[in-house]
2 protein chains.
Amino acid sequence: MTISAARPRQGEPLSGETRLMLRAAQLYYRLNLTQDQVGERLGVSRFKVGRLLDRALRESAVRIEIVHPAARLVELEDALTHRFGLRGAVVVDVASTGSAPDDELLARERVAGAAAAHLASLRPTGAIGVSWGRTMLELAAHLRPGWTAATEIVQLNGATSRSARPTRAHEIVERFGATTGAAIRLMAAPAIVGSPELRDALEEDPSVGETLAAARAAATAVFSMGVLGPDSVHVASGYLNDADLAALEDSGAVGDVLGRFLSLNGRVALPSLDRRTIGLPLEELGAKALTVALAAGAGRGPIALAALRAGCVTVFVADETTAAWVLDHA
Amino acid sequence: MTISAARPRQGEPLSGETRLMLRAAQLYYRLNLTQDQVGERLGVSRFKVGRLLDRALRESAVRIEIVHPAARLVELEDALTHRFGLRGAVVVDVASTGSAPDDELLARERVAGAAAAHLASLRPTGAIGVSWGRTMLELAAHLRPGWTAATEIVQLNGATSRSARPTRAHEIVERFGATTGAAIRLMAAPAIVGSPELRDALEEDPSVGETLAAARAAATAVFSMGVLGPDSVHVASGYLNDADLAALEDSGAVGDVLGRFLSLNGRVALPSLDRRTIGLPLEELGAKALTVALAAGAGRGPIALAALRAGCVTVFVADETTAAWVLDHA
DNA sequence: GATCGTCATGCTCAAATGTGCAGGTTGCTG
DNA sequence: CAGCAACCTGCACATTTGAGCATGACGATC
């Protein structure tokens with residue numbers, strides 16, 4: 001080794017500037033000193049400290065991450081809200097139990113609970129329309145007395161069952177009424193009847209027509225989504241026979257909202273069936289100021305996406321799996 | 001399932017407040033909105049946003065970490081500075097080559113380079129004392145012309161070799177002089193002589209004495225550390241015979257600073273040998289305003305710790321391994 | 001059912017931080 | 001070595017943020 005001149009450095013491992021930057025970052029972010037204090041310790045002006053910290057952030061020498069386990073849910077909520085132009089979205093996580101049926105139950109419970117809480121925070125007033133189904137039943141059970149004041153609770157679609165499996169729609173409406181102090185209005189009709197003519201006749205009869213008018217007038221609607229399949233409530237309740245089911249499947253239907261079966265693009269899948277369905281039409285649902293839609297459990301993704309595309313949702317409440325599915329396929 | 005009343009929630013998965021907190025964190029930290037803007041979007045006051053972010057930080061829902069690869073080095077520097085009351089510390093990383101001798105070389109190169117740069121940033125003036133050794137030679141080679149202005153460069157301890165292996169102390173002093181425009185003052189004496197009497201006689205002779213006086217007067221000193229062992233420069237240069245080496249090892253010496261061998265506690269290990277050593281005594285070194293100590297390469301940990309404990313270091317420059325060893329054993 | 005304590009809220013004011021700009025320095029080029 | 005350009009620095013000023021405090025709502029307690 002002969003002393004000659006400073007040889008070129010192969011890879012300056014750490015310039016003084018970088019060292020300074022990191023020291024500033026440590027003092028500022030770890031010790032929570034002010035930029036002024038950091039500058040004093042490092043012998044530079046506070047302006048330089050600010051610029052150093054700027055650089056550290058830009059070069060991502062410091063990383064700020066949100067580590068809360070629920071952060072993912074909030075991200076999904078924001079993505080849904082933005083993607084579908086919603087007024088809000090609530091996504092809940094469902095700890096897996098290992099058993100699919102239990103997960104289903106748990107998802108319903110969580111989504112219903114979250115929906116109840118969110119509804120309470122929205123404090124809708126006036127008339128509130130409600131649908132029925134297992135998730136709605138669960139939601140009704142979660143409503144806390146006095147969660148809001150409403151003048152009237154209206155059943156949005158037909159439900160009287162002709163089979164062994166009752167829809168329990170009246171329990172739901174009653175619970176909504178009991179917890180808000182509102183009058184209730186039931187819809188004394190089946191969800192789906194045999195012919196369009198019978199549907200029209202029933203809807204014109206005051207017994208159904210008045211409720212339907214009230215449903216139209218309500219500014220708020222709360223409903224859940226149904227899947228299509230042999231275990232669907234509509235099949236279990238006897239509204240759909242095998243031929244209907246087959247026709248629906250052929251038409252690309254993925255599930256229903258207020259008894260209206262939709263295909264993935266958000267359109268009514270089978271108009272002939274839709275004309276036999278008693279309750280608020282989809283367009284009227286979409287015209288409301290506030291509609292809260294619940295989707296809980298595996299397989300709800302497609303109908304949730306369909307409903308969102310149909311534009312009849314302003315607040316969407318779902319479990320994480322469903323929310324992720326919707327965003328993946330949107 | 002019977003509707004009765006809201007059942008107690010087993011584990012509210014996500015309170016609205018937490019949801020709000022996370023959303024605020026996302027908007028604030030990811031989108032860089034102001035607290036005011038976040039508040040507007042979330043429909044809360046900016047004060048609440050501030051408190052929400054506070055909570056997020058306290059509950060460590062957001063984590064701020066410094067991820068730069070060199071952050072560790074800066075941490076070591078701060079720890080050393082604080083632990084030993086230094087004016088500063090510089091720690092460099094040494095990419096392992098896989099071969100121990102190459103690592104040694106590389107470590108010296110990096111430490112010397114960093115020391116040269118740091119010295120330049122300190123811009124010491126007046127008289128500067130320097131020691132010799134392989135690391136000092138490397139440091140000298142890294143000095144850039146005009147790195148500072150000095151009046152005089154003084155050799156701090158004896159070095160003239162009586163063996164085949166030259167110490168090249170004069171090259172070091174000359175390079176320091178050439179790059180600063182300073183006059184130079186060499187010490188025409190061996191590092192260690194045979195008897196205290198001869199040492200005293202030499203130090204009183206003007207040829208050595210005047211340099212020693214200048215060494216005492218210098219406000220700044222730059223030196224490196226030597227390890228004890230058969231491959232030590234002092235053995236190679238012929239200053240120490242086997243008996244000396246054995247006595248040193250018995251006394252617990254771990255290495256030398258300016259030819260003064262220290263034990264781990266920072267004291268002179270073998271006073272009888274110290275009295276035969278020509279150069280600036282340790283106490284005088286510790287009294288200087290600025291002393292820059294270099295420690296590079298495996299096995300320098302113990303002598304580095306000893307020197308730090310001896311209180312003769314104000315700026316410490318070392319490789320990562322040595323720095324970590326020192327902090328581990330301090 | 002009245003009272004007290006606790007807690008969250010929003011305010012004012014001070015501290016901290018970011019921004020655009022003018023002056024100065026460095027290093028490059030002809 | 002002059003001229004130029006890019007860059008860095010520090011400053012005044014506007015914006016943003018934090019701290020302490022008064023107020024009001026809610027729930028608990030006696």
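Reminder, nothing fancy here: chain letters follow the sequence lines and each chain counts from 1. All values below come from the heavy atoms of this structure, side chains included, with hydrogens, waters and symmetry mates left out.
Proximity of B/Leu119 to B/Leu139: side-chain heavy atoms (C-beta onward) are separated by under 4.5 Å at one or more points. Using a 4.5 Å heavy-atom threshold, the side chains of A/Tyr28 and A/Val62 count as separate. Contact of the A/Val91 side chain with the A/Arg72 side chain is not registered, since no non-hydrogen atoms from C-beta on lie closer than 4.5 Å. In this structure, B/Phe223 and B/Val313 have side chains that are in contact, with non-hydrogen atoms separated by less than 4.5 Å. No side-chain heavy atom of B/Arg168 sits less than 4.5 Å from a side-chain heavy atom of B/Arg134.
In this structure, CG of B/Asn32 is placed 16 Å from P of C/dT17, rounded to the nearest angstrom. Separating the CZ atom of B/Arg55 from the P atom of C/dC7 is a distance of 14 Å, rounded to the nearest angstrom. One atom, CG of A/Leu33, and another, P of C/dA15, lie 17 Å apart when rounded to the nearest Å. Remark: P of C/dG10 and CG of B/Leu42 are 13 Å apart, rounded to the nearest angstrom. Atom pair B/Glu40:CD and D/dT16:P shows a separation of 12 Å (rounding to whole Å applied).
Summary of the strand contacts: A/Thr34 and B/Val44 both lie near DNA chain C, and taking for each the nucleotide with the nearest heavy atom, the more 5' one is attributed to B/Val44.
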Please tabulate, one pair per line, all N/O donor-acceptor pairs under 3.5 Å involving side-chain atoms of residues 31-43 of chain A, not counting sequence neighbours.
from    : atom 1 : to      : atom 2 : distance (Å)
A/Thr34 : OG1    : A/Asp36 : N      : 3.4
A/Thr34 : OG1    : A/Gln37 : N      : 3.1
A/Thr34 : OG1    : A/Gln37 : OE1    : 3.4
A/Gln37 : OE1    : A/Thr34 : N      : 2.8

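Sorted by first and then second residue, the side chain to side chain donor-acceptor pair (under 3.5 Å) pairs with a member in residues 78-90 of chain B read A/Arg23-B/Asp78; sequence neighbours excluded.
With hydrogens and angles ignored, the 3.5 Å screen pairs a side-chain donor or acceptor of A/Arg110 with a backbone N or O of A/Asp93. A distance-only check finds no donor-acceptor pair linking the side chain of B/Thr179 to the backbone of B/Arg144 [under 3.5 Å].
Within the structure, a side-chain polar atom (N or O) of A/Ser45 is placed less than 4.0 Å from OP1 or OP2 of D/dG10.
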Between protein and nucleotides 18-26 of chain C, map the contacts as a letter string: B base, S sugar-phosphate only, - none, heavy atoms under 4.0 Å, written 5' to 3'. BBB------
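Helix bend of the helix from C/dG1-D/dC30 to C/dG30-D/dC1: the angle between its two end axes, each built from five pairs, comes to 30° after rounding to 10°.
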Check the pair A/Ile66 / B/Gln26 against side chain to side chain contact (heavy atoms under 4.5 Å, CB included), numbers first and verdict last. CA-CA 7 Å; A/Ile66 298 165; B/Gln26 307 239 13; 3.9 Å; yes
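Judged as a salt bridge (Lys or Arg N to Asp or Glu O under 4.0 Å), and not counting sequence neighbours, the contacts of A/Glu152 are A/Arg185.
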Enumerate the protein-to-nucleotides 5-8 of chain D contacts in which both atoms are nitrogen or oxygen and the separation is below 3.5 Å.
none

